[in-house]
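Chain A is the first sequence line, chain B the second, and so forth, proteins listed ahead of strands; every chain is numbered from 1.
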Amino acid sequence: MSPEGARRPRVLSLHPDRLLPAGAEERGVAREILASMSALPLVSPHGHLDARLFLDNEPFVDPSHLLVTSDHYVVRLLHSQGVALEDLGVVRVDDARTAGPHTAGPHTAGPGTDGAGASSSGAEPASEAQGRAIWHLLCRHWGALAGTPSRLWLEHELHELCGVREVPSPETADATYDAVSAALETDALRPRALFGRFGLEVLTTTDSPLDDLAVHDALAADASWTGRILPTFRPDEIVDPGHPRFAANVVRLGEISGIDTSRYAGYVSALESRREAFQVRGATATDHGVAVSSTERIPAHEVEGVFARLVSGEGSAADAEAFRGHMLDEMARMACDDGLVMQIHVGVVRDYDPATRARYGTDVGQDFSVATEYTRTLRPLLSRYGDSDALTLVLYTVDETVYSREIGPLVSYFPALRAGAPWWFLDAPLCNR
Amino acid sequence: MSPEGARRPRVLSLHPDRLLPAGAEERGVAREILASMSALPLVSPHGHLDARLFLDNEPFVDPSHLLVTSDHYVVRLLHSQGVALEDLGVVRVDDARTAGPHTAGPHTAGPGTDGAGASSSGAEPASEAQGRAIWHLLCRHWGALAGTPSRLWLEHELHELCGVREVPSPETADATYDAVSAALETDALRPRALFGRFGLEVLTTTDSPLDDLAVHDALAADASWTGRILPTFRPDEIVDPGHPRFAANVVRLGEISGIDTSRYAGYVSALESRREAFQVRGATATDHGVAVSSTERIPAHEVEGVFARLVSGEGSAADAEAFRGHMLDEMARMACDDGLVMQIHVGVVRDYDPATRARYGTDVGQDFSVATEYTRTLRPLLSRYGDSDALTLVLYTVDETVYSREIGPLVSYFPALRAGAPWWFLDAPLCNR
Amino acid sequence: MSPEGARRPRVLSLHPDRLLPAGAEERGVAREILASMSALPLVSPHGHLDARLFLDNEPFVDPSHLLVTSDHYVVRLLHSQGVALEDLGVVRVDDARTAGPHTAGPHTAGPGTDGAGASSSGAEPASEAQGRAIWHLLCRHWGALAGTPSRLWLEHELHELCGVREVPSPETADATYDAVSAALETDALRPRALFGRFGLEVLTTTDSPLDDLAVHDALAADASWTGRILPTFRPDEIVDPGHPRFAANVVRLGEISGIDTSRYAGYVSALESRREAFQVRGATATDHGVAVSSTERIPAHEVEGVFARLVSGEGSAADAEAFRGHMLDEMARMACDDGLVMQIHVGVVRDYDPATRARYGTDVGQDFSVATEYTRTLRPLLSRYGDSDALTLVLYTVDETVYSREIGPLVSYFPALRAGAPWWFLDAPLCNR
């Protein structure tokens with residue numbers, strides 16, 4: 001172990017075994033597996049990129065906007081070191097509203113992720129001076145990110161994509177900023193070029209049923225590029241009565257689908273219609289992040305009344321809770337009909353501090369995990385559809401204990417189930433300031 | 001790593017280190033420990049074999065019935081690949097009822113496991129053709145079982161007991177079926193011979209207090225064999241008011257014990273009498289799988305009323321919940337008196353899909369684990385009996401987080417407590433179809 | 001592996017790698033890290049020693065009192081082997097009350113740990129005969145402690161501090177007792193000498209706000225020694241309305257602070273005053289062990305009424321629950337004002353068996369861990385103070401699943417948060433008797 005702060009400038013390098021096991025024998029096996037897989041094409045079934053990136057195919061203009069502000073994992077880690085969100089380029093909601101159309105960076109959540117308001121982190125950086133200042137903050141706190149997955153990711157991006165060979169530090173901040181800037185100006189780092197370089201076969205976005213998918217249509221019609229960008233149906237904002245714009249979203253659902261959503265039957269038909277519209281554009285999956293504590297269906301003779309109360313704002317907390325569970329079941333029912341793969345991402349308290357949510361919007365790093373329960377919660381749903389050949393349901397978790405206790409056993413019985421890949425990670429800094 | 005599907009037929013082999021750590025140094029220590037233990041006799045304190053197997057000592061007749069249908073872990077895994085339970089030989093409850101007496105295979109749960117109805121998985125296979133068809137299903141999905149404990153177990157059985165040296169596959173299905181069939185016809189694989197070969201010193205069954213233990217008596221009276229098969233007292237079906245036949249079981253308890261169980265005091269005496277009947281036949285332990293959320297006793301002046309309401313079907317959910325906790329305490333009290341070791345296996349939602357339960361009975365692979373709590377739940381019971389020299393209480397869990405958080409600390413203080421061995425496992429297939 | 005019980009006396013030795021990883025490569029790295037750290041001074045931010053030890057600086061007089069009776073982890077393990085608490089020197093509360101002033105040993109909890117009554121384990125041993133008998137019990141059960149952290153700790157103490165080279169056993173009990181006794185008589189093992197030998201830079205105690213800190217004052221005034229012993233503010237017994245002496249403690253708080261605590265505003269001022277008194281004496285931190293399920297503040301116009309009801313004994317369970325959460329928030333508010341670091345140690349059911357608590361007092365080994373929740377519980381508190389530069393809040397847990405699920409993510413965002421070091425451990429014996 002060489003001392004930190006030695007005189008010679010430190011060289012940024014990537015150890016080929018950096019993600020492999022420490023034991024020599026396991027490492028040998030891991031190398032074989034890695035070598036056998038690394039040339040395979042990537043199929044990315046879940047992501048939050050904005051499809052417009054690939055339509056416009058403009059170069060990324062600002063290292064800090066791309067690698068810091070737009071990546072809420074990096075924003076989170078720098079905030080933990082005492083850096084204010086605004087100093088990282090996170091735009092206040094009020095400012096964002098007057099700033100015109102967004103140009104979202106690679107790690108920005110699409111509009112369907114939350115739906116309660118535009119994520120402000122994707123707004124364009126105000127100036128190069130601000131971008132450079134943000135980069136200096138990243139460089140100053142580089143040491144605090146040691147050992148985190150986010151730093152491994154950043155090192156990969158700097159080294160492999162931008163050719164940076166200096167370790168970020170206050171002394172190298174301007175030089176590394178300039179190096180990344182210069183790299184971003186090259187055609188090799190434009191979105192479509194990266195799509196090819198990464199060996200992507202298909203990339204999915206995450207989209208609200210209220211999205212008209214015009215960008216996806218334009219991409220499909222663009223004869224100059226053959227990359228496949230497919231939408232994913234994420235209906236959280238129109239199936240969760242707790243969403244602040246639930247009632248308005250139901251009305252908007254009616255408009256975009258051309259189906260009267262004032263009653264429950266029409267609401268369901270409109271959802272089915274939008275699923276079909278997604279499927280026509282190549283969607284293969286839906287995604288669901290609404291917390292439920294049961295998947296019992298509301299009896300048929302009661303559901304119209306519950307829906308009416310919720311849309312009119314007169315529903316109780318119990319109505320909302322029951323409706324959320326009912327609609328998850330309803331989505332499984334639709335999936336059996338249309339064959340869209342169903343993904344569940346739950347167990348996260350989003351937008352933790354309401355004041356920060358009000359000031360900066362969503363996706364600024366303040367989403368935190370809680371204990372998750374699947375066995376009892378999904379019992380009604382799995383009893384109905386778990387044996388079905390028509391359903392594919394993928395369970396994700398950020399509570400790692402759920403893998404061996406619940407997801408593993410359930411997946412080992414129900415043919416409809418799949419265990420989702422690990423989601424999120426332990427990304428805490430080794431020490432705070 | 002040789003490629004799957006190479007031309008030469010693949011040889012089924014067992015690596016001597018297949019269950020040992022990957023690191024060279026740990027593996028060396030593990031080999032020493034294993035070598036020092038492998039010749040020791042086996043004392044099996046918890047199992048679900050039917051004692052009649054050893055009384056009849058008939059050869060096992062069908063590879064599929066023995067290694068697939070009767071092993072609900074294997075049934076579960078094949079079902080997860082989309083195979084219908086009926087195609088695996090699991091018999092519908094209606095059919096089972098008309099099929100005459102069961103001949104249970106080695107992995108079949110005894111009647112005491114659930115008690116709400118006979119497990120259908122032990123019914124005899126209908127024909128050799130069906131057995132062979134089931135075996136083909138196992139062979140077709142052999143790859144999906146890669147890396148699971150169940151496949152390690154099957155490989156051991158095939159290689160060590162049946163002399164199979166071909167890897168199961170569609171091509172080898174008939175040959176391996178025939179090889180296992182031939183092996184099963186030999187005297188070396190009859191139940192008593194296996195008992196000796198495995199080095200078993202004693203094997204316990206799991207039995208309802210309503211079982212008259214006639215089979216155990218016959219075994220004890222059989223001068224031709226000295227193997228020890230002991231019963232275990234599992235009273236779930238007569239202490240859980242939520243059991244569908246609770247009231248009838250209480251009546252039956254009175255009949256088999258010759259003690260009037262219409263009032264609480266008699267019910268308790270009858271349970272004590274049955275424990276004694278088990279002990280006379282060599283039982284050393286009880287086993288309990290009823291979910292409780294507290295072990296508070298019902299006050300003496302209330303318990304008669306609660307019991308009366310529950311037996312008459314007029315008890316509330318709160319009555320049932322209180323009674324379950326009270327009876328777990330009562331069992332600990334009896335254990336202090338008679339010295340039977342008390343085992344607790346909780347944290348499992350059994351017979352998950354009610355429709356599957358109704359159609360196929362219990363023990364068909366659809367039992368799933370949930371988060372378990374011991375510290376608060378057992379506080380009243382351990383406050384009363386935890387320091388007692390007379391009690392031995394073994395805590396099992398399928399929620400592995402409970403080991404370090406609850407079982408470990410509790411066992412490190414209370415002389416009555418023991419930590420149970422790991423129970424169940426993460427047995428999910430690597431991928432579904 | 002040499003057989004246990006071989007003829008030659010076994011030699012007690014400490015393997016230099018005994019706490020390092022088993023894999024050769026990881027072990028090499030671990031050795032480097034250990035070597036680079038082992039000469040650093042110790043800063044002990046949380047402990048339960050009695051400051052009087054260092055004021056008196058008397059030699060420890062009894063091996064058993066020091067290494068067994070005063071260490072409730074060792075008491076716990078020996079109790080699990082069926083040894084009665086009294087036979088380990090744990091004094092009955094009634095006896096302790098008449099035994100005069102305590103002389104607490106090193107591992108004894110200070111009065112602030114619980115506050116509901118003096119811990120009896122620190123009372124002086126009755127006689128050398130009793131001490132020797134306790135030592136024999138330790139030696140007899142030495143094998144049962146194999147593999148536990150407590151035995152690693154004891155081996156270190158025996159080998160490094162007392163020069164013992166014989167493995168404890170019934171045969172060596174008298175010899176090892178005599179060796180430890182002789183070592184304890186030397187000046188090298190007096191408290192102040194140990195403080196120096198351990199390389200301690202600072203050691204903190206844990207103290208009730210009702211403590212006048214006279215011992216700390218005397219230590220500070222003692223020109224003959226420069227060791228730094230600082231108090232820590234632990235207010236559990238005056239902020240938890242469920243504490244049996246809550247009302248009396250509030251009155252006592254008024255007396256010691258000279259501020260009328262009959263109303264809420266005065267109560268808060270008195271707490272602030274005591275924090276200041278601690279800070280004047282060098283305290284840098286507070287510590288909190290009261291279980292809360294929320295940190296919502298009680299509205300300002302209601303809090304006076306809730307306080308009045310609780311002090312008068314007329315408060316409901318809901319009042320008490322709300323007040324506990326409110327006061328944790330209030331402590332965070334005060335920490336923002338005065339800069340004391342705030343530590344939270346929750347998730348433990350203390351004094352599990354009420355009868356044992358009544359007979360022997362607190363800290364006799366019967367504290368057990370439960371599942372812990374931080375994300376939802378701390379949401380109100382962290383929304384108010386989590387971004388503050390003025391607060392440092394350290395979260396500890398005995399539920400290891402909380403690290404990756406809750407503490408890690410929260411710490412990676414909120415600048416006020418720190419992840420506490422692992423606390424407690426899996427210390428269960430390999431087998432019971």
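To the nearest 0.5 Å, atoms OH (B:Tyr413) and CG (C:Asp353) are separated by 6.5 Å. Within the model, atoms CZ of C:Phe368 and CZ of B:Phe414 stand 4.5 Å from one another, a figure rounded to the nearest 0.5 Å.
Contacts between C:Ala22 and chain B at a heavy-atom distance below 4.5 Å involve backbone atoms as well as side-chain atoms. With a 4.5 angstrom heavy-atom cutoff, C:Gln366 touches chain B via backbone and side-chain atoms both.
Within 6.0 Å of CZ in C:Arg27 there are more than 12 heavy atoms belonging to other residues, nucleotides or ligands. Atom CD of B:Glu330 has more than 12 heavy atoms from other residues, nucleotides or ligands within 6.0 Å. Open room surrounds CD on B:Glu276; 12 or fewer heavy atoms of other groups in view lie less than 6.0 Å from it. The number of heavy-atom neighbours closer than 6.0 Å to CD of C:Glu155, taken from other residues, nucleotides and ligands shown, is above 12.
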(request) Let me see the working for C:His79 and B:Asp387 under side-chain contact (heavy atoms from CB on, under 4.5 Å), right down to the final yes or no. (result) CA-CA 9 Å; C:His79 181 65; B:Asp387 281 354; 2.8 Å; yes

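Listed here is the closest heavy atom pair of C:Val398 and B:Arg405: O-CG, 4.3 Å. Shown here for C:Ser80 and B:Ser412, the closest heavy-atom pair between the two residues is CB-O, 3.3 Å. Minimum interatomic distance between C:Gly23 and B:Glu26 (heavy atoms only, all atoms of both residues): N-OE2, 4.0 Å.
At a heavy-atom cut-off of under 4.5 Å, chain C is reached by B:Glu373, B:Tyr374, B:Thr375, B:Arg376, B:Leu378, B:Arg379, B:Leu382, B:Ser383 from residues 370-386 of chain B, listed in order of number.
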